[in-house]
Amino acid sequence: MRKAKSKKSLDVRYETRTVPLSLIDVETDINAWDKKELKTRTAYFLLNGLPTFAVNETANGRFRLLASDKDFYSAKLSGATTVDVRVYSFTEKNAEIFSLIERLKSENLPALEEAYLMKRLTADCNLTQDDVASLVGVSRPAVANTLRLLTLAPEVLGLIESGKLSAGHARALVRVPQEKQFSFAEEAIKREYSVREMERAVKAFLTPPEILQQENQAKNSAKNAQLKAFVERMRGVFRTKVSLLGNEKKGRIYIDYYSPEDLYRFEEFLDMIESFDRD
């Protein structure tokens with residue numbers, strides 16, 4: 001019997017304190033953040049109060065901010081001098097893991113930035129995709145699909161970063177050879193493909209013509225069988241000849257009658273339908 005692999009976990013016990021903002025070190029610079037967003041967040045804090053920040057205790061009584069850099073700078077702009085913090089005692093490696101996980105969990109990140117953070121967790125922190133999924137709170141396939149974005153051609157990654165191509169469109173390109181990905185992406189942008197249309201285009205490109213022909217024939221056969229069954233039902237209900245010209249999208253239905261009794265019977269059907277509508 002195979003032994004199940006244990007998933008990575010962190011000791012997330014902490015102590016709550018109130019500390020001066022001046023004792024908290026931040027990796028990013030305030031100029032890395034959009035000034036308008038900082039001011040908007042500052043106004044929110046002035047109305048609703050400051051959040052509690054996660055920090056790791058370091059040497060000389062100082063602390064390292066583990067997440068929410070933008071909120072930290074907004075708190076400083078609000079005029080606050082102290083903040084409530086959750087003080088952890090992580091090793092340097094676990095502090096990095098916790099920081100990355102918190103960013104993935106609490107920040108509304110673009111898909112490509114999520115992919116870079118997950119790549120750091122798997123490549124630099126030696127976590128498995130199962131570990132990342134468990135710690136972030138998502139499924140393993142979601143982690144795998146996000147990481148696959150980084151296998152795309154650099155030109156396609158540039159389109160994603162610029163906002164010209166969505167992550168959903170980009171994921172459909174993963175199976176396409178790299179040398180063809182950019183032309184596919186340009187075509188999708190030009191024709192304003194939906195994600196579903198992009199997926200169909202990629203499938204058509206990757207599937208041999210004879211297989212596509214067989215699939216189309218099978219679909220048409222199924223549709224024809226459904227239409228034939230529908231006509232047979234109508235014949236049974238109306239007890240007369242019913243003919244259909246067209247396909248599942250457009251056409252005409254002919255209902256023959258051979259006597260006044262046939263017309264009376266059709267009229268009774270209409271009366272029943274109208275009575276249901278009134279009810």
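The first residue of the sequence shown is numbered 1, and numbering continues consecutively from there.
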Heavy-atom distance under 4.5 Å between the side chains of [X] and [Y], does that happen here?
X	Y	answer
L150	L112	yes
F45	D71	yes
L152	I160	yes
V55	D25	no
R86	E15	no
M234	I253	yes
F90	L66	yes
T81	L21	no

With distance as the sole test, does [X] use its side chain to make a donor-acceptor pair with the main-chain N or O of [Y] at under 3.5 Å?
X	Y	answer
T122	L127	no
D29	N31	yes
S99	A95	no
S78	A75	yes
Q178	P154	no
Q181	A153	yes
N48	Y44	yes

Query - Whether over 12 other heavy atoms sit under 6.0 Å from E179 CD - result: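 Check passes, neighbour count above 12.
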Report task. Inspect the surroundings of OH in Y264 and state if more than 12 heavy atoms from other residues, nucleotides or ligands are less than 6.0 Å away. Result ->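 Incorrect, the count does not exceed 12.
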To the nearest 0.5 angstrom, please state how far the [atom1] atom of [X] sits from the [atom2] atom of [Y].
X	Y	atom1	atom2	value
T146	Y116	OG1	OH	13.0 Å
L149	L173	CG	CG	10.0 Å
H169	R196	NE2	CZ	11.5 Å
D34	K39	CG	NZ	10.0 Å
L104	E113	CG	CD	9.0 Å
F63	S22	CZ	OG	10.5 Å

When clusters are formed by joining ILVMFWY residues with side-chain heavy atoms under 4.5 Å apart, either directly or through shared neighbours, do [X] and [Y] land in the same one?
X	Y	answer
V195	V176	no
L147	L109	yes
V174	L159	yes
F53	L46	no

Would you mind checking if [Y] and [X] are paired as a salt bridge, meaning a charged N to carboxylate O distance below 4.0 Å?
X	Y	answer
R265	E268	no
E197	R191	no
E57	R17	yes
R103	E114	no
R235	E232	yes

Report task. Report the C-alpha separation of L38 and W33 in whole Å, then their side-chain angles, then the decisive distance to 0.1 Å, and conclude whether the side-chain contact (heavy atoms from CB on, under 4.5 Å) test is met. Result -> CA-CA 7 Å; L38 290 177; W33 302 97; 4.0 Å; yes
Side-chain donor-acceptor contact under 3.5 Å, [X] with [Y]:
X	Y	value
D256	T240	no
D84	T18	yes
S134	D131	no

If I compare all heavy atoms of [X] with all of [Y], which pair ends up nearest, and what's the gap?
X	Y	result
Y88	A54	CE1-CB, 3.8 Å
Q129	A144	OE1-CB, 3.3 Å
A185	L165	CB-CD2, 4.0 Å

Query raised in the report: Could you go step by step and tell me if R41 and K70 meet the side-chain contact (heavy atoms from CB on, under 4.5 Å) rule?
Result: CA-CA 9 Å; R41 198 68 176 152; K70 181 169 65 175; 5.5 Å; no
Report task. With R233 as the cation and F230 as the aromatic partner, state whether NZ or CZ is under 6.0 Å from the six-membered ring centre and within 45° of the axis. Result ->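 Pair R233/F230 does not count as cation-pi.
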Requested in this report: Let me see the working for I24 and V83 under side-chain contact (heavy atoms from CB on, under 4.5 Å), right down to the final yes or no.
Outcome: CA-CA 10 Å; I24 301 176; V83 288; 3.9 Å; yes
Query raised in the report: Under the side-chain contact (heavy atoms from CB on, under 4.5 Å) criterion, do E27 and R64 qualify, and how do the steps go?
Result: CA-CA 8 Å; E27 288 189 0; R64 172 194 167 191; 2.9 Å; yes
